[in-house]
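Some notes on the structure that comes next.
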Amino acid sequence: MPHFHPPESLLVDYAAGTLPEAISLLVATHLTYCPDCRKEVQALEAVGGALLDSLPPVEVKTDFDRLLAQLNVPEPPRPEAPLAGEAWMPRPVRRALAGIPSAPAKPLPWKRVTGALSEIRLAPPSRTPGGRTRLMRIAAGGAMPEHTHGGTEYVLVLKGGFSDQFGHYLPGDLSISTADHTHTPIADTDGDCICLAVVDGTLKLTGVMGWVVNRFVRF
Ligand SMILES: [Zn+2]
């Protein structure tokens, strides 16, 4: 059970579907570890649905027979492509990995950045404007080099763990750091630490639906 969760505003925007793709991937992955946040997102989605239901109905003029005919067309079965990555990876990450050329048949294409740090840049979320998405692997006991970034950095642990001055992060835990403070994560000594990392310089935390929900609902 994770100890470090996305802020409420991220869950609200996730439920409203207004997050940039990279951040949405991050929240979806946290949800695979966290029953509490899953429950909260379900509640938020119910509130969003109730708000939509309360809107006055819009009259839609259409050829009813044609519509019925369309509805009767059976959907061709869509077999899901085999997922990339390794079995311990949460589904959203494995799905994101499917976009990189060597997956799923070959080993993951880790690229060494420094002695202790390797990374895989993910597509397509890495092409999201303002967002850079990658998998990070810090060797056991290794430190992530101190770095600067223009925006907010989100690091979600997938395997192993790391510590910084704010705490000890284990699978499912989300660390959020802004340009104002630097931190130096150090991987646990009992194994490599693999994280999903997103750097976003342009993230707006609260969308229109988030504003509505925040204003009228207290959880
Ligand atoms: Zn959570």
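In each ligand, atom 1 is the first atom listed, and ligand 1 is the first ligand listed. Computed from a predicted model, the values in this text were never measured in an experiment. Sequence positions, counted from 1, serve as the residue numbers for this chain.
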Just distance, no hydrogens or angles: give the donor-acceptor pairs under 3.5 Å from side chains in residues 108-118, sequence neighbours left out.
from	atom 1	to	atom 2	distance (Å)
Thr114	OG1	Ala116	N	3.4
Thr114	OG1	Leu117	N	3.2

Taking atom OG1 of Thr133 and atom CD of Glu119, what is their separation to the nearest 0.5 Å?
11.5 Å
Keeping to distances under 2.8 Å, can you name the protein N/O/S atoms close to the Zn ion (ligand 1)?
His5 ND1, His30 NE2, Cys34 SG, Cys37 SG
Min side-chain heavy-atom separation Tyr169-Asp164 under 4.5 Å:
yes
Side chain of Arg38, backbone of Leu31: donor and acceptor closer than 3.5 Å?
yes
Between Lys159 and the options Ile194, Asp192, Leu170, the side-chain contact (heavy atoms from CB on, under 4.5 Å) test singles out Ile194
Angle class for the His30/His5 ring planes (parallel below 30°, perpendicular above 60°, tilted otherwise)?
perpendicular
